[in-house]
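Worksheet for the structure shown next.
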Amino acid sequence: MDDKSNKLLLVPVLTVLFVTIGYQYICPAGSTSCRFGNGESFPFSKYAADVKRESPDPDEDAPFKFPSKFNFTREDLYRHVDFDIKGNDVIVFLHIQKTGGTTFGRHLVRNIHLERPCDCRSGQKKCTCHRPGKAESWLFSRFSTGWSCGLHADWTELTNCVPAVMNKKQKKDAPLNRRNFYYITLLRDPVSRYLSEWKHVQRGATWKTALHMCDGRPPTPDELPACYSSEDWTGVSLEEFMACPSNLANNRQTRMLADLSLVGCYNLSSMSEERRAELLLISAKRNLLHMAFFGLTEFQRKTQFLFERTFGLHFITAFTQINGTRAAGVTVGASTRRRIEELNALDMQLYEYARELFSRRVQYCHHQERQEERERKRQQRRRMKEQKASQIQQQEDDEQKDAELTGVTEDYSSQVVRW
């Protein structure tokens, strides 16, 4: 009897021991990968791994799941343009240096599925992007109309120049058309953009032919002193680049998106530095908010998605994320990075604003897509239900007709018998 009891007791003991050894093998001590009772899955499960890979980006969740620092409204997030490429609508690309604008600009002329694709010929820098049936461009950009308003023209220059240039390109005997101008741009992380511009200037870039027109005139040499006395700034060190107070690389994105007329253009004596910075940032945020579209260099696929949702135009091939830039290869110390952030304090604030606005617009678009899909399925179910009801009704009508026909036949047969 005692031997039998011992054997019965030995079975559960061995079972517990086996489970314990197995658990320690799969989930070693100190591991946080295996937890029970909290809804977490096991990473060693192939299904859990698939779920992890396919988990949605937080930016793609439905909107309004976290409080907005900037209190964006639905009107701020909703962006859809009934872009009439056959009519008088024009997309105007504001190309800020070292934001990936060259790549995006090529996408606009070479990678959009159009009824009448842009004519891009080998060896030519510009493409001809005419509307269907018209010898008129629907796109104002470096690769379509060239630098018609000056090299890397900013918001102040473009808004004052583009309408006149477009009217000038129109045939003389044609009536002036009222056009809708839809401004677009790209932004980039300020530190990465700044380092990329430094490396570009170090290799010999100058942008000396830029006009910087504001209130009808370019800045004087006293208003915008040069940072170097030679032909270019080739070989400039990062310390020298940061040391020039009139370096336009500082806060470039904010300045190029703001209405410079509000701050006296390039005349720094027109108001205090603090007031000037305040007005520039407010203006840049406002103009960015009301642009038809802007993208972020760090999020290429989402930039593509948002552009397509905004304009109803679709790219032929998907955008690719290129992280191996020259700026990515530059290593700077913590103190140097802080100095770059100080020099670009306005751009840092603008980018924080832009990143949240961009993320929320992407969220909102995905939210709309899900609603549209649900509505499409609901309509499909309704049509199927109506179709089924119609079939049932048709079947009942056919049966009623058969019954009536059978009744008439039987009545006729009875009359024949009687006769």
Side-chain angles (χ1 to χ4, degrees), residues 93-110 120 122-127 141-143 146-154 157 185-212 218-219 221 224-257 266 295-298 300 303 319-344 346-348 351:
F93 181 33
L94 195 164
H95 184 173
I96 302 173
Q97 289 95 317
K98 312 314 295 179
T99 59
T102 298
T103 300
F104 185 76
R106 290 197 178 103
H107 278 306
L108 292 176
V109 297
R110 297 177 181 270
C120 299
S122 178
Q124 294 183 357
K125 294 183 178 180
K126 294 190 298 181
C127 302
S141 75
R142 165 188 178 181
F143 291 114
W147 300 112
S148 301
C149 290
L151 179 63
H152 286 288
D154 55 33
E157 292 176 290
T185 194
L186 288 184
L187 295 181
R188 185 180 180 184
D189 167 70
V191 175
S192 297
R193 198 215 65 80
Y194 189 85
L195 290 172
S196 182
E197 180 165 341
W198 162 59
K199 295 298 290 184
H200 198 54
V201 169
Q202 192 181 55
R203 295 190 303 273
T206 63
W207 299 298
K208 287 191 296 186
T209 58
L211 301 176
H212 304 302
L224 189 60
C227 288
Y228 52 91
S229 56
S230 56
E231 285 296 316
D232 54 42
W233 215 0
T234 301
V236 60
S237 67
L238 181 56
E239 290 71 22
E240 292 173 322
F241 192 73
M242 293 189 296
C244 179
S246 60
N247 190 348
L248 292 179
N250 301 339
N251 293 313
R252 182 180 288 280
Q253 297 179 100
T254 301
R255 190 186 66 258
M256 290 188 69
L257 289 176
Y266 293 87
L296 298 182
T297 309
E298 290 77 13
Q300 289 292 310
T303 293
F319 288 15
T320 56
Q321 188 69 51
I322 301 175
N323 295 319
T325 62
R326 289 185 173 88
V330 177
T331 302
V332 296
S335 59
T336 301
R337 184 178 180 86
R338 283 195 299 270
R339 179 56 181 157
I340 294 174
E341 291 176 350
E342 290 171 0
L343 291 171
N344 293 274
L346 299 183
D347 274 11
M348 296 295 292
Y351 189 76

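Small disclaimer: the values here were computed from a predicted structure and weren't measured.
- Among all heavy-atom pairs drawn from Val109 and Cys120, the shortest one is O-SG, 3.6 Å.
- Using the six-membered ring where Trp is involved, His200 and Trp207 have ring planes that are tilted, between 30° and 60° apart.
- Contact of the Asp154 side chain with the Ile96 side chain is not registered, since no non-hydrogen atoms from C-beta on lie closer than 4.5 Å.
- Cys227 and Ser246 make their closest contact through SG-OG, 3.7 Å (heavy atoms, listed as atom of the first residue, atom of the second, distance).
- Atom CD of residue Gln253 and atom OH of residue Tyr194 lie 13.0 Å apart, to the nearest 0.5 angstrom.
- Here Phe143 and Phe93 keep their ring centres 6.0 angstrom or further from each other.
- In this structure, Trp233 and Cys244 have side chains that are in contact, with non-hydrogen atoms separated by less than 4.5 Å.
- Interatomic distance, Lys126 NZ to Ser141 OG, rounded to the nearest 0.5 Å: 10.0 Å.
- The main-chain N or O of Leu94 is found under 3.5 Å from a side-chain atom of Thr185 such that the two form a donor-acceptor pair.
- Within the structure, salt bridge (charged side-chain N to carboxylate O under 4.0 Å, His left out) contacts touching residues 231-252 (residues at least two apart or in different chains) are Glu197-Arg252, Lys208-Glu231.
- A donor-acceptor pair under 3.5 Å links the side-chain atoms of Gln321 to the main chain of Thr297, judged by distance alone.
- Between the side chain of Gln202 and the backbone N or O of Thr234, no donor-acceptor pair lies under 3.5 Å.
- The heavy-atom pair separating Pro218 from Leu211 by the smallest distance is CB-O, 3.4 Å.
- To the nearest 0.5 Å, the span separating CZ on Arg142 from SG on Cys127 amounts to 11.5 Å.
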Steps toward side chain to side chain contact (heavy atoms under 4.5 Å, CB included) verdict (Thr99, Leu187): CA-CA 6 Å; Thr99 59; Leu187 295 181; 5.7 Å; no
Stepwise side chain to side chain contact (heavy atoms under 4.5 Å, CB included) check, Trp147 with His95: CA-CA 10 Å; Trp147 300 112; His95 184 173; 3.8 Å; yes
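- A 4.5 Å side-chain heavy-atom check between Arg255 and Tyr266 finds at least one atom pair inside the cut-off.
- When each of Arg193, Arg188, Glu298 is paired with Tyr351, the side chain to side chain donor-acceptor pair (under 3.5 Å) condition holds for Glu298 and for no other.
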Check against side chain to side chain contact (heavy atoms under 4.5 Å, CB included), Leu186 and Thr303: CA-CA 9 Å; Leu186 288 184; Thr303 293; 4.0 Å; yes
Test side chain to side chain contact (heavy atoms under 4.5 Å, CB included) applied to Thr103 and Phe319, step by step: CA-CA 10 Å; Thr103 300; Phe319 288 15; over 6 Å; no
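- Applying the salt bridge (charged side-chain N to carboxylate O under 4.0 Å, His left out) test to every pair with at least one member in residues 97-108, sequence neighbours left out, gives no pairs at all.
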Side chains of residues 328-341: which donor-acceptor pairs under 3.5 Å do they make with residues two or more places apart or in other chains?
from, atom 1, to, atom 2, distance (Å)
Arg337, NE, Glu341, OE2, 3.4
Arg339, NH1, Glu342, OE1, 3.4

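- With contacts defined as side-chain heavy-atom distances shorter than 4.5 Å, the pair Leu248/His212 qualifies.
- Counting heavy atoms from C-beta outward, Val236 and Tyr228 have side chains that stay 4.5 Å or more apart.
- Of all heavy-atom pairs spanning Pro190 and Asn344, the tightest one is CB-CB, 4.4 Å.
- Counting only distance, with no hydrogens or angles, the side chain of Asn250 and the backbone of Leu343 share no donor-acceptor pair below 3.5 Å.
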